[in-house]
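Let me begin by presenting the structure, written as structure tokens, before commenting on it.
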Protein chains: 2
Amino acid sequence: MTNLKEVARKAGVSPSTVSRVINNHPYVNEEKRNRVLQIIDEMNYIPNINAIHLKRGKTNLIGVVIPFSNHPYFSQLIQGISEEAIKLDKKIVLFQTSYDTDQEIDALEMLKLKQLDALIICSRNISLTIIEQYIEYGPISIFENITHSKLRTSYIDHYQSFLTALNHLYEHGHRNISCAINRKKSTSSIERIAAYKDFCIEKSLTYNDNNIYENYVLLEDGYDLSKEIQKSLNPPSAIVVSGDNTAAGLLLSLNDDLKENLSIIGFENHKISKLLNLTTIEIPLINIGKSLFNQLYDKSVSNQLFETRLIARQSVKNINI
Amino acid sequence: MTNLKEVARKAGVSPSTVSRVINNHPYVNEEKRNRVLQIIDEMNYIPNINAIHLKRGKTNLIGVVIPFSNHPYFSQLIQGISEEAIKLDKKIVLFQTSYDTDQEIDALEMLKLKQLDALIICSRNISLTIIEQYIEYGPISIFENITHSKLRTSYIDHYQSFLTALNHLYEHGHRNISCAINRKKSTSSIERIAAYKDFCIEKSLTYNDNNIYENYVLLEDGYDLSKEIQKSLNPPSAIVVSGDNTAAGLLLSLNDDLKENLSIIGFENHKISKLLNLTTIEIPLINIGKSLFNQLYDKSVSNQLFETRLIARQSVKNINI
DNA sequence: CTGAAAGCGCTTACAG
DNA sequence: CTGAAAGCGCTTACAG
């Protein structure tokens, strides 16, 4: 491997000059510059990036922590992050954790070791307290509603969004409403369940734990969900499903009776929801991804709220009260 | 930022000894080792990873080139790659290219600059000739049938797999068979089209370009595909769709007439195909991902063929000849 | 505009 | 078992 010094020797200049040429510094004699450039080409010289990183103290590598990449929710976030990263010529190091805490710590440790300049956490399992210990090592942005810390956040109001969905169903006459969420202990689910409880109280509907279906996230989970609903003694007339994928799977798996009588609202507004005429709450995931990235480069810590909106389609029907 | 030298000074030993402690070398006095460990803890010392990389000449970073991550085909590959990478404590740098050549070159350049130890190419747009120029900089594995070069390959026989699907339909009495593929110029599509042509010739069926539908890859593309088929003057009795996602979208979008009369075979055996009782050709993508990773660490260049198999479900019906 | 020199923070053969 | 020294390959203030 030829190095900068050899190039300098062959070109008859000092290493400093070669470095200046490579980094496009002004004040280099045109003739010398050309000579160096030519030698670089001849010798097929490649700068050692690790030496540059050592010297500069940064790597242009940004870590992204996600549980899975095979779900449109997360792949849209990645899409947005990537689009912005390309503009600044930063690279994305993917930590696909499956919510494994060790993997999450790995990412934080790489930030600490300076192999990553910054970190984006799309979803976490690890405690916030642990994450906060790493803030001193580099900017961290997270897709979660936390405003009291040094974390940079982009987030949506899960409580309000869920309430919007529930109220939409209420306005269409529904009084027996269920909901399906993913991990019960996730911060988003906690907000959603709170919205559901408050909604029931406010509308004087009986709140029942059994009306909350847990661990539904994939398309194929919608099939299982349909089975659960079908075997229910008092099946709901409507259901809020916290992801379009599951909502779509559910819609497609319904028997004829439920197909007529079950109203469904999904979340995220993925393409499949349009294809299936599914009412949904749009979440601007790509823009959130962009924001999560850009916040890393803000001078100050910021918290960015993103609006969601209901897109009414045909999967919510009126019911006579 | 405290460094190794400061730790050495405080501990009253040489930098060499500190380094030995950190790297768990034998032959370090137990007492000194403990002292060093204690100082490291006290000073909250963190080794600079870039210095280590410079010294060692490697980074434990593996690049992965994929066009999109929001498609199960690719996310399964990533899954397999990640599972193996974790075992060797290697990290994955994701290059989500959208088939943009510049992004692909970026990945190759990072290999050249030694920021990546090795590279995995799941799908490419760039020419093979260019890729081959980078082999000297580090191991490269690719998901493609290439045996004549220094590239490490894991691959399936797209020709044979497609033929299997076509013959299955033929055996069920179908004589008017279409197919849907993604990018026409991709190597896999070229093999698939060749299989289709040869099949038509062998069975004395009329081959017609119009029976090959192009650029169908997503679930929602299945909807468009259904429209295309419905407006066809001589609609096929069966279709081979080169991905389960599109096949599922198609199946779900068919009007009642076609629902009765169109047989469908998908590819990959994703969960949705089981949910919808879709006949498919299974592709062991997770294992291929694992192989692509492990081949990087083989001493010699290898080429690994993976078998596919037909899984018969209800989406292929018998037709009377 | 240019070079000599110091330094980024580690590792490792060498000598003891 | 241990330390002094050289070196990995760059960059950059400094002096000219």
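Below, chain A is the first sequence line, B the second, and so on; all start at residue 1. Because the structure is a prediction, the values reported are computed rather than measured.
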Does C/dT12 have OP1 or OP2 sitting under 4.0 Å from an N or O in the side chain of B/Tyr27?
-> no
Would you please confirm or rule out a distance under 4.0 Å between OP1 or OP2 of C/dT2 and any side-chain N or O of A/Asn29?
-> yes
Value in whole Å for how far the P atom of C/dT2 lies from CD of A/Glu30 = 10 Å
Salt-bridge test for B/Glu84 and B/Lys90: reply yes if a basic N is under 4.0 Å from a carboxylate O, no otherwise.
-> no
Any idea which of D/dC10, C/dG3, C/dT12 is nearest the A/Val13 side chain?
-> C/dG3
What is the base-pairing partner of D/dA4, counting Watson-Crick and G-U wobble geometry with both distances under 3.5 Å?
-> none
Describe the nucleic acid contact of B/Ile52 in one word from base, sugar-phosphate, nothing, applying a heavy-atom distance below 4.0 Å.
-> sugar-phosphate
Can you tell me how far C1' of C/dG9 sits from CD1 of B/Ile22, to the nearest Å?
-> 10 Å
Check the distance between C/dA6's P and A/Leu54's CG and give it to me in whole angstrom.
-> 18 Å
cation_pi(B/Arg20, B/Tyr27) dist<6.0 Å, angle<=45 = no
Roughly how many Å is it from CZ in B/Arg9 to P in C/dC10, rounded to a whole number?
-> 13 Å
side-chain N/O B/Arg20 vs C/dT11 OP1/OP2, d < 4.0 Å | no
Could B/Lys112 and B/Glu136 be called an ion pair, given the rule that one side-chain N must be under 4.0 Å from one carboxylate O?
-> no
In whole angstrom, give the distance that lies between atom NZ of B/Lys55 and atom P of C/dT12.
-> 7 Å
Pairing partner (Watson-Crick or G-U wobble, both distances under 3.5 angstrom) of D/dA13 | none
Would you kindly compare B/Ser16 and A/Ser19 by the position of their nearest DNA chain D nucleotide and give the one closer to the 5′ end?
-> B/Ser16
Take the protein atom OH of B/Tyr45 and the nucleotide atom P of C/dG9, then report the distance between them rounded to whole Å.
-> 9 Å
Contact class for A/Asn23 vs. all strands (heavy atom < 4.0 Å): base, sugar-phosphate, or nothing?
-> sugar-phosphate
B/Asn3 side chain near C/dG9 phosphate (N/O to OP1/OP2, under 4.0 Å) | yes
Spacing between B/Asn50 atom CG and D/dC10 atom P, to the nearest angstrom | 14 Å
Is any NZ, NE, NH1 or NH2 atom of the basic residue among A/Glu30 and A/Arg33 found under 4.0 Å from an Asp or Glu carboxylate oxygen of the other?
-> yes
Base, sugar-phosphate, or nothing: which does A/Lys5 touch, judged by heavy atoms less than 4.0 Å apart?
-> nothing
Classify the nucleic acid contact of A/Ile49 as base, sugar-phosphate or nothing, counting any heavy atom under 4.0 Å across all strands shown.
-> nothing
Separation of atom CG in A/Leu4 from atom P in D/dG7, rounded to whole Å = 17 Å
For the atom pair SG (A/Cys122) and CZ (A/Phe68), what is the distance rounded to the nearest 0.5 Å?
-> 13.0 Å
So does B/Thr17 get a side-chain nitrogen or oxygen closer than 4.0 Å to the phosphate oxygens (OP1/OP2) of D/dG3?
-> yes
Expressed as a whole number of Å, how far does the C1' atom of C/dT12 sit from that of C/dG16?
-> 16 Å
Evaluate the side-chain proximity of A/Lys290 to A/Ile81: yes if any heavy-atom separation is below 4.5 Å, no if none is.
-> no
